[in-house]
Novice: 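Take a look at this one; I'll ask things after.
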Amino acid sequence: MKIVKEALAGTLESSDLLVKVAPSPTDTLEVMVQSEVIRQFGEQINKVVRETLEKMGVTAGQILVDDKGALDCAIRARLQAAVLRGADCNKIEWSRLS
Amino acid sequence: MTDNTISFYIIDPHKNEQERADVAKLLAQCDLDFENTVEIFVVGRQNGQLAACAGLDGNIVKCVATSPDWRGESLSLRLMGEMAHVAYELGRHHLFLFTRPYNVEAFQGCGFYLLAEVSDQCALMENTPFGIRNYCQSLARLRKDGQKIGGIVVNANPFTYGHQYLIRTAASQCDWLHLFVVAEDASFISYRDRFALVQEGVKGIPNLTLHPGSQYMVSRATFPDYFFKDKGMVGECCTAIDLLLFRNYIAPALGVTHRFVGTEPFCPTTRKYNDDMKQWLQTEPTRGSPITVVEIPRTAVDGTPVSASQVRRLLADRDLEALTKLVPESTLALLKNKYMPAA
């Protein structure tokens, strides 16, 4: 699936994250992760983000994650919400999201 | 029992006078002006006390303040998170923000990225790391080879023989010329009309690319004062931000080596912009290579330099005879049909 419109999910509060997604002008997938705990958990956060996008089958879009020390489950949930809003898909395959 | 939660909501400062007064007071406390162009404020209150506010003017975030009593509570994170959602719901995804350099770090924590900064004066940020990069990539596709690549930005409000002369002269001195028309619709003549007139006026110049303007050049975001120049406000730092964006992003993307500009005899804002150009494009040390500023003397008709402001004055006086000497036929026809004041 591709990101076809701008969308937002989450907050900037502590232990949460704000995810912004936008269409890619070059039709590629670009991911940028910012985190307050990037030095301790950067690798793990990037892995969760990558896996979540992969599971959802996101192939194009600009994905921006602004993390404020969220748990993995929160990262997955916010990312899924932003992608589902931005991909404009109306049928959700819940089994692929778990 | 006191309630420690802060509730956030949006207000229209032009409809709610009490809210506006409170916001103005908080801004004054933080040494900020209440700006009348802000359409919406996100405000946070606790027990009726105003704790924080952030304003939205088009897609520019301004008037952001938190009460000194609340500092250190991560209030700005909540405030800017709320603002992001409010702006997205209005379809304003791409946000800009002007601030003081010492606030840059705080706003970086709120999802903003630095575009340009003038030490001790001001900084311009945007809410995505992809914004300026996407723009430069799209420009780079229009890059042309050559030793001497020129750049011109015109507002053309409206297009005159003066613009035509400047553009033709510049094109004759360059291998290729990139011409931009200011896109902000804040001038007397609409952007659509200004662009069409420029397009008509530069026909036949073989080594020229005409570009639509963008928010990264002479826009409300990069150069707000330009559009308030009738009020006599000429910002110190705003020209610098605009010029740094040109030098550090736009010029490198297109390979622009020279920026051409007409000498300015009338308009103080434009004259200051020309002077600042030499400083910020040429001499000031910064990331982008220096760009040579070439000032071309304005063409004159009957001894008077041709300028768009002069044209607008003559139009207000309905002086068609004088106008005929200053603008091409296409401009004259449009002015007559659409912009001439009733007799």
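Keep in mind it's a predicted model, so treat the numbers as computed, not measured. Letters A, B, ... mirror the listed sequences (proteins, then strands); counts begin at 1.
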Novice: Sub-4.5 Å heavy-atom contacts with chain B: which residues of residues 63-71 of chain A show up?
Specialist: I63(A), L64(A), D66(A), K68(A)
Novice: How would you list, in number order, the residues of residues 12-27 of chain A that have a heavy atom less than 4.5 Å from chain B?
Specialist: L12(A), E13(A), L18(A), K20(A), P25(A), T26(A)
Novice: Measure distances from Q108(B) to the heavy atoms of chain A and classify the residue's part below 4.5 Å as side chain, backbone, both or neither.
Specialist: backbone
Novice: First locate atom CD of E6(A), then atom OG1 of T128(B), and finally report the distance between them rounded to the nearest 0.5 Å.
Specialist: 9.0 Å
Novice: With a 4.5 Å heavy-atom cut-off (strictly below), which parts of residues 86-97 of chain B touch chain A? List them by number.
Specialist: Y88(B), H93(B)
Novice: What residue in S74(B), G109(B), S76(B) has the most heavy-atom pairs under 4.5 Å with chain A?
Specialist: G109(B)
Novice: Tell me, for Y113(B) versus chain A, whether the close heavy atoms (under 4.5 Å) come from the side chain, the backbone, both or neither.
Specialist: side chain
Novice: Any chance CG of D69(B) has more than 12 other-residue heavy atoms, nucleotides or ligands included, within less than 6.0 Å?
Specialist: yes
Novice: Hey, which residues of residues 31-50 of chain A are touching chain B, say heavy atoms under 4.5 Å apart?
Specialist: M32(A), Q34(A)
